[in-house]
Amino acid sequence: MKISFTINGQQKSVEIENGSTPLLWVIRDTLNLKGTKFGCGKAACGACTLHVNGEAVRSCSFAVKFAEGKNITTIEGLGTKENPHPVQQAWIEHIVPQCGYCQPGFIMATAALLEKKPSPTDADIDANIVNVCRCATYYRMRKAIHRAAKIKNGDS
Amino acid sequence: MKVQKLLFIIPVFLFAIILLASNVEKTNSKNNANARNENLNKLNSEENFNKMMAVLTHQRCMNCHPSDNIPKQGEDSHPHYFGMARGAGNLGFEATNCNTCHQDENNDFSGVPGAPEWSLAPHSMRWEGLSPSEIAESMLDKKRNGGRTHHEVMEHLTEHALVLWAWEPGIDAAGNPREKPPVPVDEYIKAVKEWFEAGAVIPEK
Amino acid sequence: MTKKKTSRRKFLIRGGLGTLGVLALGTYVFRNSMRRYMYEMSETLVVPYSGTGTEANLWFEITSDNTIVLHSPKVEMGQGTFTSFAQIVADELDVNIDQIVVKAAETASGIVDRMSTGGSLSVAQLYQPLREMAATMREKVKVEAAKKWDATASALTTKGGIVSSGEKTMKYAEAVADITDWSLPDTPKLREESNYKYVGKPIKRIDLIPKVLGEPIFGMDAEMPDMLFAAVTRPQHVGASLKSVNTAAAEKMSGVVKIVQKDDWVGVVANSYSEALAAKRKLEIDWDIPKKWTEEEIRSIMQVGKGDKMITQKHGKALDPDDADVVSIEFTSPIGAHAQIEPNGALAYVNGDKVTVILSTQVPGVTQKQVSEALDVAIENVNIVTTYLGGGFGRRLNTSHAVQAAQMAKEVGKPVKYFFTRKEEFQHDAFRPPTHHIIRGKANGNGMLDALEHHYASGDVAINSAIFPPALVSMLGTDVGAMRGGNIMYDKIQNRRAVQWHTTLPFATSFWRSLGLLANTFAIESFIDEMAIRAGKNPVNYRLSMLGEDTLALRIKKVIQEAAQKSNYKDEVSGNMAMGFAASVDAGAPCAHVAEVSIEENKIKVHRVVCAFDCGLAVNPDQVIAQCEGCIIMGISAACHEKMTLKNGQLYPTIYGPYDMALMKNSPKEIEVHLIQGVDAPLPVGEPPLGPIGAAIGNAVRRLTGKRLTELPLRLA
């Protein structure tokens, strides 16, 4: 079957036999966007988090056929070195990543949170940011999330 | 003439009494049949009720009708992992919600279950810890059932994709099939319809 | 100026200490005076780098745009090593840090550490050699520039990757262009550390931007043209093996290229990962399950008094266990999973007699050897290319999957990428072994300890691991991994001993960040705290009074005092909060933690942790602090959440969530790290701060509830 969607601002069509194939694999292996990570394949760790129509989605559990006509953003489309997204900017300022593998998922989940809650409280962060980071960079992440909210709200 | 008339009236009267009496008897026998039917209906209704409740109290349904704000998971109905909770619209938290992981159908790759309108039942529809009769009362109570008529409740129970998902629950994260409710789907639908058609009588506690 | 001829692969610079030093790491056992001497040395000395290629020209590459590429013999798994290396190189080579690119060396380069990236040793081991090599490289640049200018090398100056002679300047890249003579000058005098521009400063990680932008740098992201994907079967039951398999249904699945059958596994090679996975589900496998192990059986094996015994510390007399005045407490810790987020896997290509494997590994040298043996290919024809690792923690010291990938690649004649499912990761981890501890102590009339004994049982850590050959293990006489933190650091206790009991379990156990330190420190420091409470003493003063005046003891005292002071430690319950104190020393790096804890809804909540850590010279203080923060939260996770169990002969759980770990909400909102430079060289930093956290939390809970928790994970009844 043919599935068409917009990804990071570009119109793409993919031909795939099994429409239930997780979007993650199409993005990583067909479209060669490797920033979205595979961690567990069970929607448990959050490493594969991206945005579908602005909502945070765990792409290992999202059948590619449901992407038809949707607008997808991955870490590659969030910001650039020259123009990082406020969440990326805050991550850089607080030197959050260690091994870095889970970080795109956390950054995408945080970016989605800030769209819904421009100034999240600690409780909002605890409830919404439930991805897993084995290096346990949570302490810096929390500071970076608050900082990202400030940057995004323009009171930096 | 008066006497004659009276003589005539008396038999008529008597006849009428007999007729009446026989009518009374007829009415009585009809009442007996009704009682028998009623008993039968009541039995059918109770059987239907029990079938329906065997399904509705199964973890496939109950896990999303909790009495607290925590969705449950699995055959052992443990609290949903990662601290997921009801949130504002029964859909979880602002950015991490039901649809972050659950889509319109089961995903066999991840073992994440899915169906259209995947969500927690509203707090008014909490069933956990209730008896079957209490669940039924709650279900029929417009104040608690989202303003649904009996017919609408019946439709929800027999046609809504999220309810019928219980018979297509897919596999879990470890790849094992989820348990289905103890009554086959056709039998369940028939039982629910009959129970509603028979007046949705909740058996006495 | 003198020159010494060098050839590739020649062993030099560290005066042959390399392999000898490795032995010194764990050599100790007291009966043998030599072992004892070596062991005591290893407590304070850092094992040298044990690679074989130590010529500067193999480490550095200067590209035409004047970028300095450092081929690192160590891998980057989050610990920030590459950044520290770049700082060291920038200072001695005299370039700007943004001119430096650090890459994990390929085994073909000959410079990878033959041992591993582990033990938190990377910066500690390479600080001196790397400075020397960068300085040598700078000298080489000057020599070559001098030739081009017909000048004297010693008269030239360098700055920011530019070499100058008066008004004339030349980029390093120009100086070394067209070099054919790779003889190296003598290493010049190193610069004064106080003049360093980068070393000792909190420089931003050099991999920060790529990691925040999601650039493809991990093993899972590796690609080769025409690559296929594979999935491999693994038994669910502990100790099970493959009996037979029916592949008929799987072969018919879409995208399947080949089913590869070996003695003990079956692999499905397909055009895409999802197709390989779907076909794998169709394999009908009959497993031989000789036995269904239970949790109770494992617990009964893992007992002090069972298995091989070795005394790992002995001072003074042994306690009489029947002495009525002896206090004895038992402690346990569970099986722990690594649970790193990037699954293990490998991309392999076999082209004739040449093999290339790209993967996340902590042991490229071991991986190379294993692939070479399995495929019967000359070792120099196997090139292991290491990417950034999506977490290490000791999990990537075992790389049998690289062999499987190479075997499948050989069969299909194309590159094959294969990785574990998460369930396989959880069931086929090389786990942190469960432990059992009995601690006995006897106090004098003053409440101070006269005698303290730590008896501890553990599964394999170093024993049976690919990086410690069996001969070495038998020479060392014990499991040097399990004994980390097992000996008693309080040197004023007259009679003290530690006794290790070792048993190999029916499932693989191995290195898990900090090895035995986490459980051993939990047991010892919980016991010390209990004795302080029973003696009515302040636990900080109690500890200080048991430490003497030698260098290490003084350094331990310093971190204890610093943590107590900076946290404003109070031995009392304040509102619903209490502080818990604990300390440890690992690989010569002392650390003390104060944890502020409350109990909410019958759950332990850690609000604040103050950490004092003597890490020696911190090449990058910010990243040392990051390691402390990570250790503290990973330690909270292990101490309060994580546990694998056996159920129906299988290891459970098999997924995050059920495998309960500390998440954002479980992480303290305040972590304060205070670094102390107790020695002038960098010390291991990635593991020592994991030591005290479990005991610190347990000690706080003791004050809040009156109950001594003796089992990890810590849970309230």
Side-chain angles (χ1 to χ4, degrees), chain A residues 17-18 20-22 25 28-30 32-42 44-47 74-76 78-81 84 87-89 91-92 95-105 107-108 122-123 125-142, chain C residues 76-80 204-205 207-218 220-221 223 229 254-255 272-275 278 338-343 388-393 419 421-422 622-623 626-627 629-634 636-637 655-657 661-669 671:
Chain A
E17 194 169 324
N18 181 358
S20 297
T21 301
W25 297 116
R28 282 182 58 85
D29 294 332
T30 310
N32 199 23
L33 292 167
K34 297 274 198 285
T36 308
K37 301 300 181 193
F38 170 82
C40 69
K42 304 290 171 187
C45 74
T74 69
I75 187 78
E76 290 91 345
L78 194 68
T80 59
K81 190 175 178 181
V87 176
Q88 291 169 314
Q89 179 60 38
W91 246 243
I92 292 165
I95 320 178
V96 175
Q98 289 187 24
C99 91
Y101 195 79
C102 70
Q103 302 287 323
I107 290 169
M108 295 308 284
D122 278 333
I125 293 169
D126 286 346
N128 282 280
I129 305 300
V130 291
N131 296 18
V132 183
C133 171
R134 190 43 154 169
C135 301
T137 61
Y138 301 111
Y139 172 67
R140 288 187 184 198
M141 262 196 258
R142 181 188 300 280
Chain C
E76 174 62 77
M77 50 191 174
Q79 77 283 43
K204 280 201 159 77
R205 295 180 65 108
D207 51 6
L208 180 59
I209 304 290
K211 284 179 175 177
V212 166
L213 294 177
E215 288 177 4
I217 51 178
F218 298 95
M220 282 289 289
D221 305 330
E223 288 216 318
F229 293 84
S254 102
S272 72
Y273 177 65
S274 42
E275 285 167 324
H338 286 89
Q340 84 293 344
I341 312 292
E342 185 195 12
Y388 276 82
L389 280 61
F393 316 112
F419 46 90
T421 64
R422 186 48 59 179
D622 175 70
Q623 284 306 298
Q627 285 300 298
E629 292 162 357
C631 276
I632 286 164
I633 300 175
M634 191 170 176
I636 289 171
S637 190
I655 184 67
Y656 299 108
M661 288 161 71
L663 301 178
M664 181 75 80
K665 65 179 174 185
N666 310 106
S667 305
K669 291 196 179 70
I671 298 179

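Values below: every heavy atom of this structure, side chains too, minus hydrogens, waters and symmetry copies. Reminder, nothing fancy here: chain letters follow the sequence lines and each chain counts from 1.
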Worksheet item: Which bit of A:Thr80 comes within less than 4.5 Å of chain C, counting heavy atoms only: side chain, backbone, both or neither?
Response: backbone
Worksheet, complete the sentence: Heaviest contributor of heavy-atom pairs below 4.5 Å to chain C, chosen from A:Thr137, A:Val130, A:Asp122, is A:Asp122
Fill in: More than 12 heavy atoms from other groups under 6.0 Å of NZ on C:Lys669
yes
Practice prompt. Could you walk me through whether A:Asp126 and A:Arg142 pass the salt bridge (charged side-chain N to carboxylate O under 4.0 Å, His left out) test, one step at a time?
Written response: CA-CA 9 Å; A:Asp126 286 346; A:Arg142 181 188 300 280; 2.7 Å; yes
Worksheet item: Of the listed residues (A:Gly105, A:Ala127, A:Gly39), which shares the most heavy-atom pairs with chain C below a 4.5 Å separation?
Response: A:Gly39
Practice prompt. Assign the ring pair A:Phe38 / A:Trp25 to parallel, tilted or perpendicular, where the plane angle (0 to 90°) is split at 30° and 60°.
Written response: tilted
Fill in: Part of C:Thr421 within contact of chain A (heavy atom distance under 4.5 Å)
neither
Worksheet item: Between A:Asn32, A:Asn18, A:Asn131, which residue shows the highest count of heavy-atom pairs closer than 4.5 Å to chain C?
Response: A:Asn32
Worksheet item: C:Arg422 and C:Tyr656: side-chain donor and acceptor closer than 3.5 Å?
Response: yes
Worksheet item: Checking heavy atoms, do the side chain of C:Ala278, its backbone, both or neither come under 4.5 Å from chain A?
Response: neither
Worksheet item: Do you know which of C:Met77, C:Arg205, C:Gln340 has the most heavy-atom pairs under 4.5 Å to chain A?
Response: C:Arg205
Response to the item:
Looking only at C:Ile341, C:Asn666, C:Ile633, most heavy-atom pairs under 4.5 Å shared with chain A are made by C:Ile341
Worksheet item: Of the listed residues (C:Met634, C:Met664, C:Lys211), which shares the most heavy-atom pairs with chain A below a 4.5 Å separation?
Response: C:Met664
Item to complete: Pick whichever of A:Pro104, A:Gly79, A:Pro97, A:Ala123 has the most heavy-atom pairs under 4.5 Å with chain C.
Response: A:Pro97
Practice prompt. Specify whether A:Tyr101 and C:Phe218 have parallel, tilted or perpendicular ring planes, treating 30° as the upper limit for parallel and 60° as the lower limit for perpendicular.
Written response: perpendicular
Worksheet item: With a 4.0 Å cut-off, would you call A:Lys37 and C:Asp221 a salt bridge?
Response: yes
Discussion item. Between A:Ser20, A:Ala44, A:Pro22, A:Pro84, who has the most heavy-atom pairs with chain C when the cutoff is under 4.5 Å?
Written reply: A:Ala44
Discussion item. Quick check on the interface: out of A:Arg140, A:Gln88, A:Glu17, A:Lys42, who has the most heavy-atom pairs with chain C under 4.5 Å?
Written reply: A:Arg140
Worksheet item: With only heavy atoms counted, which part of A:Ile92 is less than 4.5 Å from chain C, the side chain, the backbone, both or neither?
Response: both
Practice prompt. Under 4.5 Å heavy-atom distance to chain A, tell me which part of C:Ile655 shows up: side chain, backbone, both or neither.
Written response: side chain
Worksheet item: So, the side chain of A:Tyr138 versus the backbone of A:Cys133: is there a donor-acceptor pair under 3.5 Å, distance only?
Response: yes
Worksheet item: Out of curiosity, C:Ile636 CD1 to C:Ile671 CD1, how far, rounded to the nearest 0.5 Å?
Response: 6.5 Å
Worksheet item: Tell me, side chain or backbone of C:Pro668 under 4.5 Å from chain A's heavy atoms, or both, or neither?
Response: backbone
Item to complete: Would you check if C:Gln623 and A:Ile95 make a side-chain contact, meaning some heavy-atom pair closer than 4.5 Å?
Response: yes
Worksheet item: Does any heavy atom of chain A fall under 4.5 Å from the side chain of C:Ile209, the backbone, both, or neither of them?
Response: side chain
Discussion item. Strictly distance-based, threshold 3.5 Å: is any side-chain N or O of C:Glu342 a donor or acceptor partner for the main-chain N or O of C:Gly390?
Written reply: yes
Item to complete: Let me know if C:Gln79 has heavy atoms under 4.5 Å from chain A in its side chain, its backbone, both or neither.
Response: neither
Worksheet item: What part of C:Glu76 lies closer than 4.5 angstrom to a heavy atom of chain A: side chain, backbone, both or neither?
Response: neither
Worksheet entry | Side-chain donor or acceptor of A:Arg28 paired with backbone N/O of C:Met220 under 3.5 Å | yes
